[in-house]
Amino acid sequence: VPQKKLPWYLTLYDIEDSDTGKLVSCDNPFCIEISGGPLSGCTANMSCPYLEIYGDGSSTAGYFVKDVVQYAQVSGDLRTTTANGSVIFGCGERQSGDLGSDNEEALDGILGFGKTNSSMISQLASSGDVKKMFAHCLDGTNGGGIFAIGHVVQPKVNTTPMVPDQPHYSVNMTAVQVGLEFLNLTTDVFEIGDRKGTIIDSGTTLAYLPEIIYEPLVSKIISQQPDLKVHTVHDEYTCFQYSESVDEGFPNVTFHFQNSLSLNVHPHEYLFPYEGLWCIGWQNSGMQSSERRNMTLLGDLVLSNKLVVYDLENQVIGWTEYNCSSSIKLQDEHSGTVHLVGSHYISSESPSCDVTVLVAFILLMTLLQIFIYQNM
């Protein structure tokens with residue numbers, strides 16, 4: 001699948017080319033569990049199908065296969081050896097929207113690291129290959145970054161509890177601060193309907209806030225420069241001209257969470273350049289589709305340039321501001337040895353097979369090389 005702006009072809013996974021790949025049948029326990037019960041009209045000799053539609057309207061449809069995936073296992077400072085594990089994943093036959101082959105920014109795969117039993121991290125952990133904890137550091141300046149599975153011991157990261165019984169990686173936000181001033185909000189603002197907490201999602205580019213947060217936040221940002229001429233671009237983005245340093249002219253935005261954990265976002269992170277203008281990356285989720293309406297969702301706009309740790313063993317998430325072009329330290333849970341894991345620069349989506357693990361949380365649209373401490 002040639003892409004106009006990519007230096008390679010997107011290569012689709014073909015089970016016929018795999019010596020270890022096997023189709024997942026409709027009577028397989030995995031198929032029954034992920035489908036919420038036996039599928040009508042899907043018999044034992046048929047392949048288990050899937051259809052996933054994402055919040056932006058993109059979709060992928062295909063069938064499940066089981067195959068061996070390779071990953072880089074940490075064996076020393078900045079050294080790895082090849083290891084492998086058997087996982088079930090979705091093999092996409094039909095993609096649409098941003099995932100379609102006619103899109104210049106089409107992906108060659110989505111790596112699922114969600115909370116459900118069907119995600120790659122859960123499958124690898126259930127077989128004893130890895131610990132159920134991972135981290136990413138997305139370099140918003142140079143591109144690429146770090147993605148690792150295992151126990152991060154350096155840098156130290158403070159954590160906040162995950163909200164229980166939620167399909168996404170959700171945490172409890174307690175306050176929003178713009179510059180030195182806190183927004184006047186009640187605690188129930190962060191709990192809309194059945195969706196509890198704030199979703200942390202590196203598969204989303206921007207950040208979505210309920211209207212009751214979005215309106216005063218954007219108003220305070222714009223009010224820092226009374227002479228700004230604000231434009232709406234594509235009926236979606238609030239933009240303006242500004243020729244001086246945005247970090248000096250606009251305030252930091254800080255989100256506060258349970259356990260006194262805070263997340264600081266600088267103006268150069270929440271503002272992005274577009275055709276000579278600066279546009280605000282905060283989005284009004286009150287204007288989104290029903291699934292996203294008034295939810296609080298923090299994407300790469302907020303998560304870049306931070307090491308974010310997901311500890312499913314202890315049901316906590318944490319982060320710290322970090323240079324994602326540097327390295328981190330992982331600890332082997334059995335030997336206790338600690339080794340350096342370095343960053344990798346990736347100019348675009350890395351070439352690999354077109355696979356989708358069907359999970360609620362989609363991790364890393366730009367696939368980073370995986371480093372794993374194996375726990376056998």
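- Remark: the backbone N or O of Gly249 is not paired with any side-chain donor or acceptor of Glu244 at under 3.5 angstrom.
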Notebook entry, point to check: salt bridge (Lys or Arg N to Asp or Glu O under 4.0 Å) between Glu269 and Lys306: does it pass, once the steps are laid out?
Noted result: CA-CA 11 Å; Glu269 293 171 328; Lys306 298 170 183 67; 3.7 Å; yes

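- Without hydrogens or angle criteria, Ser35 side chain to Ile32 main chain gives no donor-acceptor distance under 3.5 Å.
- Hydrophobic clustering, with ILVMFWY side chains joined whenever heavy atoms are under 4.5 angstrom apart, groups Ile317 together with Phe255.
- Aromatic rings from His256 and Phe182 are positioned such that their centres are separated by under 6.0 Å.
- Cluster membership check: Val316 does not share its hydrophobic cluster with Val152, using side-chain heavy-atom separations under 4.5 Å among Ile, Leu, Val, Met, Phe, Trp and Tyr.
- In the displayed structure, Asn45 atom CG is contacted under 6.0 Å by more than 12 heavy atoms of other residues, nucleotides or ligands.
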Next item on the list: Quick one: do Ile280 and Val218 satisfy side chain to side chain contact (heavy atoms under 4.5 Å, CB included)? Show the steps, please.
Entry: CA-CA 8 Å; Ile280 297 176; Val218 171; 3.9 Å; yes

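- Taken to the nearest 0.5 Å, the CG atom of Leu301 stands 12.0 Å off from the CG atom of Leu138.
- Rounding to the nearest 0.5 Å gives a distance of 12.5 Å between NZ of Lys132 and CG of Asn314.
- At least one donor-acceptor pair closer than 3.5 Å links the side chain of Ser119 to the backbone N or O of Gly114.
- Between the side chain of Ser335 and the backbone N or O of Thr337, at least one donor-acceptor pair lies under 3.5 Å.
- Checking side-chain atoms of Ser223 against main-chain N and O of Ser219 turns up a donor-acceptor pair under 3.5 Å.
- Counting all heavy atoms, side chain and backbone alike, Gln258 lies closest to Thr174 at N-CG2, 3.9 Å.
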Next item on the list: Any chance you could lay out the side chain to side chain contact (heavy atoms under 4.5 Å, CB included) test for Gln123 and Phe30, step after step, and finish with the verdict?
Entry: CA-CA 11 Å; Gln123 291 185 64; Phe30 178 93; 4.3 Å; yes

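- Between Phe272 and Tyr237, the distance separating the two ring centers is shorter than 6.0 angstrom.
- Of all the heavy atoms in Ser343 and Cys324, the pair that sits closest is CB-O, 3.2 Å.
- Taking hydrophobic clusters as Ile, Leu, Val, Met, Phe, Trp and Tyr residues chained together by side-chain heavy-atom distances below 4.5 Å, Phe113 does not share a cluster with Val163.
- With hydrogens and angles ignored, the 3.5 Å screen pairs no side-chain donor or acceptor of Glu211 with any backbone N or O of Asn284.
- Residues Thr254 and Ser262 bring no donor and acceptor atom of their side chains to less than 3.5 Å of each other.
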Next item on the list: Show your reasoning for whether side chain to side chain contact (heavy atoms under 4.5 Å, CB included) applies to Ser96 and Ser59.
Entry: CA-CA 5 Å; Ser96 69; Ser59 68; 2.5 Å; yes

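- Residues Asn172 and Thr198 form no side-chain contact, since every pair of their non-hydrogen atoms from C-beta on lies 4.5 Å or further apart.
- Of the inter-residue distances, the one linking Leu298 atom CG with Leu209 atom CG reads 7.0 Å to the nearest 0.5 angstrom.
- Within the 3.5 Å criterion, the main-chain N or O of Gln166 finds a donor-acceptor partner in the side chain of Lys115.
- Glu313 is not listed as a side-chain neighbour of His151, based on a closest heavy-atom distance of 4.5 Å or more.
- Looking at Asp67 and Ile15, their side chains never come closer than 4.5 Å, going by heavy atoms from C-beta outward.
- Judged by distance alone, with hydrogens and angles left aside, the side-chain atoms of Gln70 form no donor-acceptor pair with the main-chain N or O of Ala72 at under 3.5 Å.
- A side-chain N or O of Asn142 and one of Ser325 form a donor-acceptor pair less than 3.5 Å apart.
- The side-chain heavy atoms of Leu23 and Tyr63, taken from C-beta on, include a pair separated by under 4.5 Å.
- Pro251 approaches Pro267 most closely through the heavy-atom pair O-CG, 3.5 Å.
- Distance check for Cys31 and Cys48: the SG atoms are under the 2.5 Å cut-off.
- The distance between the ring centers of Tyr242 and Phe250 falls below 6.0 angstrom.
- A distance of 11.0 Å separates CG of Asp332 from OG of Ser75, quoted to the nearest 0.5 Å.
- Hydrophobic cluster membership differs between Leu39 and Val24, with clusters built from Ile, Leu, Val, Met, Phe, Trp and Tyr side chains linked at under 4.5 angstrom.
- For Glu33, the CD atom is loosely surrounded, since the number of other residues' heavy atoms within 6.0 Å does not exceed 12.
- No hydrogens or angles considered: nothing links the side chains of Ser245 and Asp247 as a donor-acceptor pair under 3.5 Å.
- In this structure, the side chains of Thr238 and Ile222 come closer than 4.5 Å at one or more pairs of heavy atoms.
- Using a 4.5 Å heavy-atom threshold, the side chains of Gln224 and Ile221 count as separate.
- Taking 4.5 Å as the limit, some side-chain heavy atom of Leu228 sits within range of a side-chain heavy atom of Gln225.
- Two rings, from Trp319 and Phe257, have their centers less than 6.0 Å apart.
- Between the side chains of Gln95 and Thr60, a donor-acceptor pair is found at a separation under 3.5 Å.
- Within a 6.0 Å sphere centred on CG of Asn264, heavy atoms belonging to other residues, nucleotides or ligands number more than 12.
- Looking at Leu111 and Met120, their side chains come closer than 4.5 Å, going by heavy atoms from C-beta outward.
- Looking at Thr204, its side chain never comes within 3.5 Å of a backbone N or O of Leu206 through a donor-acceptor pair.
- Between the Asn252 side chain and the Gly179 main chain, no donor and acceptor come within less than 3.5 Å of each other.
- Aromatic ring centres of Phe147 and Tyr71: separated by at least 6.0 Å.
- Centroid-to-centroid, the aromatic rings of Phe64 and Phe89 stay 6.0 Å apart or farther.
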Margin query: Could you go through Ile213 and Leu185, starting from their C-alpha distance and side-chain angles, then the distance that decides it, and tell me whether this counts as side chain to side chain contact (heavy atoms under 4.5 Å, CB included)?
Written below: CA-CA 8 Å; Ile213 299 176; Leu185 303 170; 3.9 Å; yes

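- Taking CG from Leu271 and NE2 from His266, the interatomic distance works out to 12.5 Å, rounded to the nearest 0.5 Å.
- Residue Ile200 is grouped with residue Leu312 when hydrophobic side chains (ILVMFWY) are merged at heavy-atom distances under 4.5 angstrom, including chains of intermediate members.
- If you check the side chains of Thr160 and Asn259, you find no donor sitting under 3.5 Å from an acceptor.
- For the atom pair CD1 of Ile328 and CG of Leu340, the computed distance is 9.5 Å after rounding to the nearest 0.5 Å.
- Between Tyr274 and His234, the ring centre distance stays below 6.0 Å.
- For Tyr310 and Tyr169, the ring centers sit closer than 6.0 Å to each other.
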